[in-house]
Amino acid sequence: MAVAVRGSRGGGSGLGGFSLRSFFSYRVFVSAMFSLLFIATLSVLLTTNPSTSHHDSTLPTTGNAYVHRTFLALKSDPLKTRLDLIYKQASDHVTLVNAYAAYARKLKLEISRQMRMFDDLARNFSDLQMKPTYRASLFDSEGPVDEDVLRQFEKEVKDKVKIARLMIAEAKENYDNQLKIQKLKDTIFAVNELLIKAKKNGAFASLISAKSIPKSLHCLAMRLVEERISHPEKYRDEDPKPEFEDPSLYHYAIFSDNVIAVSVVVRSVVKNAQEPWKHVFHVVTDRMNLAAMKVWFKMRPVEGGAHVEVKAVEDYTFLNSSYVPVLRQLESAKLQNFYFQNQAENATKDAHNMKFRNPKYLSMLNHLRFYLPEMYPKLHKILFLDDDVVVQKDLTGLWKIDLDGKVNGAVETCFGSFHRYAQYLNFSHPLIRERFNPKACAWAYGMNIFDLDAWRHEKCTEQYHYWQNLNEERALWKLGTLPPGLITFYSTTKSVDKSWHVLGLGYNPSIGMDEINNAAVIHYNGNMKPWLDIAMNQYKNLWTKYVDNDMEFVQMCNFGL
């Protein structure tokens, strides 16, 4: 039993020992094999001659060749490793230079100078290794590397590498698409900023030119006032004529402080009227120009027996701040600051709304159009004309148009999506959004036939007051008279034929002459008024032919017409 037990234990130990010894023997064998393989490989690498020499024109770039040369350098001379690294650096830059040159040719860029420089630089890299000194000492020699020659070779290579890097950095913007795109974006942005600034400055300069009083116009007004002072007996106020309130005649309302412009409107109406003696003109101006306006029509009576009434805004005593919302609002310091405090700076900041900062909106002359029934209580119809229009045909047909109970007869100005209510009113405001259609067609002020009886019945002036009071903070519309007019006569406007009224002669140079010649009234709306030097020449003669050039003061003031 004891033997059996020892045999069993010995047998077990023997089996385990055999297995452990076998495992360690296997590991030693594998390690020995790998070591022998590594030594054999290293021996082959160190004893085999390279098949490719350094002086080949084509620079080797594969990993095997690089390792091969490295072992050779370690065996023969440590300086060969340095030479190999220098050589590889030159090779890399040759490849990069050739790539940029090839890309330039592909893009057909007009940079032949850069392309020649790239080619020359690549050729210099190749020629460098072909120098007899370097070939003899560095590439063809089997002996040790001359350190002085290597140092000189390294210096020349580094100089050329530096030149290559500078050229690539300089040319990178031309070849790098992302850089080119970003540079183009930056250029576009900068040019756009300059364009916006130029437009703002140009618009502001145009506004100043358009709204400033020309020297000739100022001269004319002063001459007329001087005439009034020199001969007071000639210009005494006369009693009102009965024709001024005769509803059977054709009545016109013209509100302006421009003497020459009003005279052209009146003269053009009369010259084209079939029965001029039936036409009555109600001219309203401000107190400053009242004397000049009266003297003009006293010195130059209207032809054909037409009648002219000249009054000042102040003559209508009901137009006071307690009744008129605009006058009450214009008295506020806040609104005056909006016009006069840093006006140039504010205007150029907001070119789109620049025209609404025009101080002409402080003048009541622009708002008189909303009080026609009260100004002329005995009249049934009246034709409102702006002072920048010219009449080319007899207008009596306007009084015969059936307005179907509407208050305002006007020419609609919308086409496509232009000149709709959405362009004039703030439809983000709930009151505007609920009461009006943003796609409703707008119409033009400048030639409007008003049924004053229908006006009174519809209480349009009260409607105007209601909306004007709500707009004290300019939340419903910007300043001006067209937006409140669009609101006041929203459902009470009758569209008339477009041939009655052609607009745009003060800003649009592309209006056809056929359209102009067929129009009863042409309107110089815009900044390029016909009495200004900035007027468009192709339209100016249509206005100047109605200027009274025989009037002595017109000649003295040199209107340049």
Query raised in the report: Under 3.5 Å, side chain of Gln555 to main-chain N/O of Glu552, donor-acceptor pair present?
Result: no
Report task. Could you walk me through whether Tyr490 and Tyr421 pass the ring-ring contact (aromatic ring centres under 6.0 Å, His included) test, one step at a time? Result -> CA-CA 10 Å; Tyr490 175 59; Tyr421 268 55; 5.3 Å; yes
Query raised in the report: In terms of heavy-atom contacts, does CZ of Arg287 have more than 12 from other residues, nucleotides or ligands at under 6.0 Å?
Result: no
Query - Contact summary for Asn289 and Ala221, nearest pair of heavy atoms - result: OD1-CB, 4.4 Å
Report summary line: Tested for ring pair (Phe, Tyr, Trp, His ring centres under 6.0 Å) against Phe436, the lone hit among Trp467, Tyr424, Phe427 is Trp467
Query raised in the report: Counting N and O atoms only, with roles assigned by atom type, does the side chain of Asn525 sit under 3.5 Å from a partner on the main chain of Gly504, one being a donor and the other an acceptor?
Result: yes
Report summary line: When Asp451, Asp404, Asn408, Asp402 are each screened for side-chain hydrogen bond (donor to acceptor under 3.5 Å, both in side chains) with Lys494, the one that passes is Asp404
Query raised in the report: Just by distance, do the side chain of Asp257 and the backbone of Asp286 share a donor-acceptor pair under 3.5 Å?
Result: no
**Report entry** Test: Lys294 and Glu238 ion pair at under 4.0 Å
**Finding:** no
Query raised in the report: Taking all non-hydrogen atoms of both residues, which atom of Gln392 and which atom of Ala519 are closest, and how far apart?
Result: NE2-O, 2.9 Å
Query - Plane angle bin for Tyr323 and Phe318 - parallel if under 30°, tilted between 30 and 60°, otherwise perpendicular - result: perpendicular
Query raised in the report: Between Tyr539 (side chain) and Pro509 (backbone), is there a donor-acceptor pair under 3.5 Å?
Result: yes
Requested in this report: Please check if atom CG in Asp497 has more than 12 non-hydrogen atoms from other residues, nucleotides or ligands closer than 6.0 Å.
Outcome: yes
Report task. Check step by step if side chain to side chain contact (heavy atoms under 4.5 Å, CB included) holds for Lys406 and Phe489. Result -> CA-CA 9 Å; Lys406 305 289 186 180; Phe489 305 110; over 6 Å; no
Report task. Specify the closest pair of heavy atoms between Phe281 and Ile254, including all atoms of both residues, with the distance to one decimal. Result -> CD2-CD1, 4.1 Å
Query raised in the report: For the ring pair (Phe, Tyr, Trp, His ring centres under 6.0 Å) test, which of Tyr376, Trp399, Phe384, Phe244 pairs with Tyr252?
Result: Trp399
Report summary line: Shortest non-hydrogen pair, Tyr546 vs Val391, comes out as OH-O, 3.7 Å
Query raised in the report: Is the backbone N or O of Tyr524 less than 3.5 Å from a side-chain atom of Lys529, with the two atoms forming a donor-acceptor pair by type?
Result: yes
Report task. Flag this pair as yes if the NZ/CZ of Arg369 is under 6.0 angstrom from the six-membered ring centre of Tyr445 and inside a 45 degree cone about the axis; otherwise no. Result -> yes
Query raised in the report: Taking everything shown except Glu193 itself, do over 12 heavy atoms lie less than 6.0 Å from its CD?
Result: yes
Query raised in the report: Considering residues, nucleotides and ligands other than Met222, do more than 12 of their heavy atoms fall under 6.0 Å from its CE?
Result: yes
Query raised in the report: What pair of heavy atoms forms the shortest contact from His282 to Ile382, and how long is it?
Result: CD2-CD1, 4.4 Å
**Report entry** Contact summary for Gly485 and Trp443, nearest pair of heavy atoms
**Finding:** O-CZ2, 3.3 Å
